[in-house]
Number of protein chains: 2
Amino acid sequence: MDTRTLCLGALSLCDATGYDIKKLFEEAFSHFFSAGYGSIYPALEKLTEEGKVSCRRQEQEKRPDKKIYSLTEAGRAALVEELVNTPPREKLRSEFLVLMFFAHLLPPPRLTEMLQQRLDESRAVLKILEDLDRREGMPPGIKFTIQYGLATTKAAIECIEAYHESLPREVYGGHF
Amino acid sequence: MDTRTLCLGALSLCDATGYDIKKLFEEAFSHFFSAGYGSIYPALEKLTEEGKVSCRRQEQEKRPDKKIYSLTEAGRAALVEELVNTPPREKLRSEFLVLMFFAHLLPPPRLTEMLQQRLDESRAVLKILEDLDRREGMPPGIKFTIQYGLATTKAAIECIEAYHESLPREVYGGHF
DNA sequence: TCGCTCATGTAACGTGTTACATGATTAA
DNA sequence: TTAATCATGTAACACGTTACATGAGCGA
């Protein structure tokens with residue numbers, strides 16, 4: 001599943017510009033998918049060529065023109081087909097865990113710093129998810145992705161905190 | 001952080017062949033990193049050129065020759081430097097959650113099947129981790145990666161099971 | 001006999017990341 | 001004045017995935 005499919009998915013929710021889609025990716029999809037402009041804009045162009053999305057140009061004062069994309073019927077069909085044929089995989093790529101795996105090779109202050117950074121980022125993700133969780137009227141599938149994100153992120157945070165508790169304070173300074 | 005660094009890491013544990021490294025990736029690293037032969041063998045070759053690993057050939061009867069790689073001092077230094085300079089990121093790529101996000105577009109039987117598949121795979125990961133967890137004498141950093149994997153995987157499984165409980169049984173058949 | 005394990009590798013392909021380029025508006 | 005937001009895009013590069021190629025031994 002690539003950025004193109006995710007763009008179709010985003011447009012199945014509502015019409016949007018490339019810029020809007022990027023923002024959606026950073027909010028609702030942030031904990032399980034990411035893509036930059038470098039893959040979004042080319043994706044939208046290709047989808048337009050293939051007739052899966054249509055594009056209308058909206059002029060703006062004081063701003064560059066917007067290109068607002070809409071899902072076509074062909075696009076919706078392509079999206080559904082892609083979804084039905086995609087196996088429900090999940091792959092984590094964690095530099096953090098690699099670092100922890102080789103923690104014995106790292107200077108202790110670096111280890112502490114690293115744990116703190118990961119904790120900060122995890123808490124930031126948690127915050128985004130908690131905000132999403134407060135919104136109402138979402139389909140159960142979307143709610144599920146939020147619950148799943150909340151549950152796994154909380155588990156991760158607790159795990160890091162527990163590890164911290166186990167670090168000898170007199171060695172590592174104790175401020176965390 | 002790429003396959004090359006992970007190969008250095010693997011070789012910091014003990015000498016190994018490309019084949020051995022792949023197996024290590026599938027066991028100890030499976031829940032946070034993956035790589036196929038297509039990236040491991042070229043990585044080892046390049047590391048040899050760079051003097052970060054050395055290679056001795058072991059002839060075998062009845063088997064093709066083995067190439068056993070060892071980390072050099074330069075390689076160990078490169079590994080540590082890479083580790084120290086790598087930010088502790090973590091990125092999930094979940095086709096499963098994408099599918100769930102757009103669950104309202106899927107036929108209900110496909111949804112059920114999908115949940116079952118993910119549950120099976122998560123339980124398989126859990127089993128690997130539980131086996132690892134039984135081993136003794138591991139450095140705390142490695143133990144941590146296992147605990148982290150266990151905690152997040154259990155959270156994910158509980159989440160899927162809870163969602164299943166909420167599905168109306170008369171509609172979805174009730175066997176899960 | 002079938003499939004798994006051991007063992008190495010190549011080549012094409014697909015995909016994403018990063019840095020660059022542009023530029024006005026607006027809130028702090 | 002600084003940084004952020006809005007808004008689009010390109011090009012080079014890095015990287016990983018997949019399929020292919022080879023082949024013997026061994027246990028069920």
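Every chain is numbered from 1, with letters handed out A, B, ... down the list of sequences.
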Q) For A/Lys66 and A/Gly38, take the nucleotide of DNA chain D holding the closest heavy atom to each; which residue's nucleotide lies nearer the 5' end? A)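 Mapping each residue to its closest nucleotide by heavy atoms, the 5'-most match is A/Lys66.
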Q: Please figure out whether A/Thr17 or B/Phe33 has its closest DNA chain D nucleotide nearer the 5' end.
A: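 Between the two, 5'-proximity favours A/Thr17.
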Hey, does the side chain of [X] come within less than 4.0 Å of [N]'s phosphate (OP1/OP2), counting only N and O?
{"X": "A/Lys67", "N": "D/dC6", "answer": "no"}
{"X": "B/Tyr41", "N": "C/dT8", "answer": "yes"}
{"X": "B/Gln60", "N": "C/dC6", "answer": "no"}
{"X": "A/Thr3", "N": "C/dG16", "answer": "yes"}

Q.
Surrounding CZ of B/Arg89 (heavy atoms of other residues, nucleotides or ligands, distance under 6.0 Å), is the total greater than 12?
A.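 No - once you tally the heavy atoms of other residues, nucleotides and ligands closer than 6.0 Å, there are 12 at most.
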(Q) With a 6.0 Å cut-off (strictly less than), is the heavy-atom count around NZ of A/Lys22, excluding the residue itself, greater than 12? (A)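 Yes, NZ of A/Lys22 has more than 12 neighbouring heavy atoms, counting only those of other groups under 6.0 Å.
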**Q.** Along DNA chain C (nearest heavy atom to each residue), the more 5'-positioned of A/Gly36 and B/Tyr69
**A.** B/Tyr69
Q.
Both B/Lys23 and B/Arg89 contact DNA chain C. Taking the nearest nucleotide for each, which residue is further toward the 5' end?
A.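 The residue mapped nearer the 5' terminus is B/Lys23.
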Q. What nucleic acid atoms does A/Arg93 come within less than 4.0 Å of, heavy atoms only: base, sugar-phosphate, or nothing?
A. sugar-phosphate
Q. Base, sugar-phosphate, or nothing for A/Lys22, non-hydrogen atoms under 4.0 angstrom?
A.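 Nothing, no nucleic acid heavy atom in range.
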Tell me the interatomic distance from [X], atom [atom1], to [N], atom [atom2], rounded to whole angstroms.
{"X": "A/Lys46", "N": "D/dG9", "atom1": "NZ", "atom2": "P", "value": "17 Å"}
{"X": "B/Asp20", "N": "C/dT8", "atom1": "CG", "atom2": "C1'", "value": "13 Å"}
{"X": "A/Met1", "N": "D/dG16", "atom1": "CE", "atom2": "C1'", "value": "18 Å"}
{"X": "A/Lys91", "N": "C/dG16", "atom1": "NZ", "atom2": "P", "value": "13 Å"}
{"X": "B/Ile40", "N": "D/dC15", "atom1": "CD1", "atom2": "P", "value": "16 Å"}
{"X": "B/Arg56", "N": "C/dT8", "atom1": "CZ", "atom2": "C1'", "value": "17 Å"}
{"X": "A/Leu44", "N": "D/dA7", "atom1": "CG", "atom2": "C1'", "value": "13 Å"}
{"X": "B/Ile21", "N": "C/dT8", "atom1": "CD1", "atom2": "P", "value": "9 Å"}

**Q.** Whether B/Arg93 side chain and A/Phe33 backbone form a donor-acceptor pair below 3.5 Å
**A.**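 No; zero donor-acceptor contacts below 3.5 Å.
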Q. Would you say A/Thr153's side chain and A/Leu150's backbone share a donor-acceptor pair under 3.5 angstrom?
A.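 Side chain of A/Thr153 to backbone of A/Leu150, a donor-acceptor pair under 3.5 Å: no, none is there.
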Shortest side-chain distance from [X], nucleotide among [options]:
{"X": "B/Tyr19", "options": "C/dA7, D/dA7, D/dT17", "result": "C/dA7"}
{"X": "B/Glu45", "options": "D/dT17, C/dT17, C/dT10", "result": "C/dT10"}
{"X": "A/Asp2", "options": "C/dT15, D/dG9, D/dA7", "result": "C/dT15"}

(Q) Working to the nearest 0.5 angstrom, can you tell me the gap between A/Ile157 CD1 and A/Glu161 CD? (A) 6.5 Å
Q) Any side-chain donor-acceptor pair under 3.5 Å between A/Arg76 and A/Thr72? A)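 Note: A/Arg76 and A/Thr72 side chains miss the donor-acceptor criterion.
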